[in-house]
Amino acid sequence: IMPNRLKIKLDFGSDKLSVTKKDLPGNLEVKWLHGAVARNLNAKVEVTLSETQTTFKKFEDYNFDDAARNFTSEAQMIFDSDINNEGKAIVKPNINVNDAAPGMLKAAFKVRVFEQGGAFSVDQFSIPYSPYSSYVGMKLPEGNKFSGMIQTDTNHIVKIVTVDSDGKPVSKSKLKVQVFKV
């Protein structure tokens, strides 16, 4: 095992990526650990998506995830090029979601920068990724205090909310809601 000799920083300037901001550029900056600029080195950036719980601050009691969907992802190469003479490059996170996601995803980035001799340094980090421009959340009434079961033959209020990818309420038309007795 060889320790990193390069300091790698990839910053998208946001705490979340979204399908609505596909062209949001990320700034990749690479320096040697002693502070000198790393020039003209090859960099590769991969992203792997995984499921995560969809939550929004104003609607913490609501469920925004689709329990009927499962999601799997493989690593996607989103950048494979040389950094410039200043040790910088622009990375556009053109993330493709092939399967229908159950809700918000976690984008795990793996950045590798290769030295002239073939050795490389690695940096990894994760950031939330919104594959949808809007979400529908449901808040079910509390069920029986022992089993959590909601009784039949009784009227219950199910609250519905629609929000954008930042959790701000939005109006959606043609929303179809179905409730099934299991």
Atom [atom1] of residue position [X] - does it have more than 12 heavy atoms of other residues, nucleotides or ligands inside 6.0 Å?
X	atom1	result
Lys16	NZ	yes
Ile157	CD1	no
Arg39	CZ	yes

Test item: [X] and [Y] side chains (from C-beta on) under 4.5 Å apart, heavy atoms:
X	Y	answer
Thr52	Pro128	no
Val91	Val111	no
Lys44	Phe114	yes
Phe109	Ile78	yes
Phe125	Lys9	no
Ile95	Val19	no
Leu17	Leu24	yes

Verify same cluster id: [X], [Y] (apolar side-chain graph, 4.5 Å):
X	Y	answer
Trp32	Ile83	yes
Tyr129	Phe56	no
Leu175	Val163	no
Val97	Val47	yes

Donor-acceptor check, side chain of [X] to backbone of [Y], threshold 3.5 angstrom: yes or no?
X	Y	answer
Ser121	Val113	no
Asp166	Lys168	no
Thr162	Val136	no
Asp66	Ala68	yes
Tyr62	Lys159	no
Asp65	Thr54	yes
Asn4	Val122	yes
Asp11	Gly13	yes
Lys110	Ala75	no

So, Lys31 and Glu29, do they make that salt bridge, N to O below 4.0 Å? yes
Supply the atom-to-atom distance [X] [atom1] to [Y] [atom2], rounded to the nearest 0.5 angstrom.
X	Y	atom1	atom2	result
Arg112	Ile8	CZ	CD1	10.5 Å
Lys7	His34	NZ	NE2	13.0 Å
Ser73	Glu51	OG	CD	11.0 Å
Leu28	Ile90	CG	CD1	9.0 Å
Gln124	Leu10	CD	CG	12.5 Å
Leu49	Ser126	CG	OG	10.5 Å

Taking every non-hydrogen atom, the tightest pair across [X] and [Y]:
X	Y	result
Ser134	Val170	CB-CG2, 4.5 Å
Gly167	Phe59	O-CE1, 3.7 Å
Phe71	Ala100	CD1-O, 4.3 Å
Pro131	Gly103	CG-O, 3.4 Å

Tell me whether the rings of Phe64 and Tyr135 are parallel (<30°), tilted (30 to 60°) or perpendicular (>60°). perpendicular
As a quick check of understanding, evaluate side chain to side chain contact (heavy atoms under 4.5 Å, CB included) for Leu140 and Met138, giving each step before the final call. CA-CA 6 Å; Leu140 296 174; Met138 271 186 3; 3.9 Å; yes
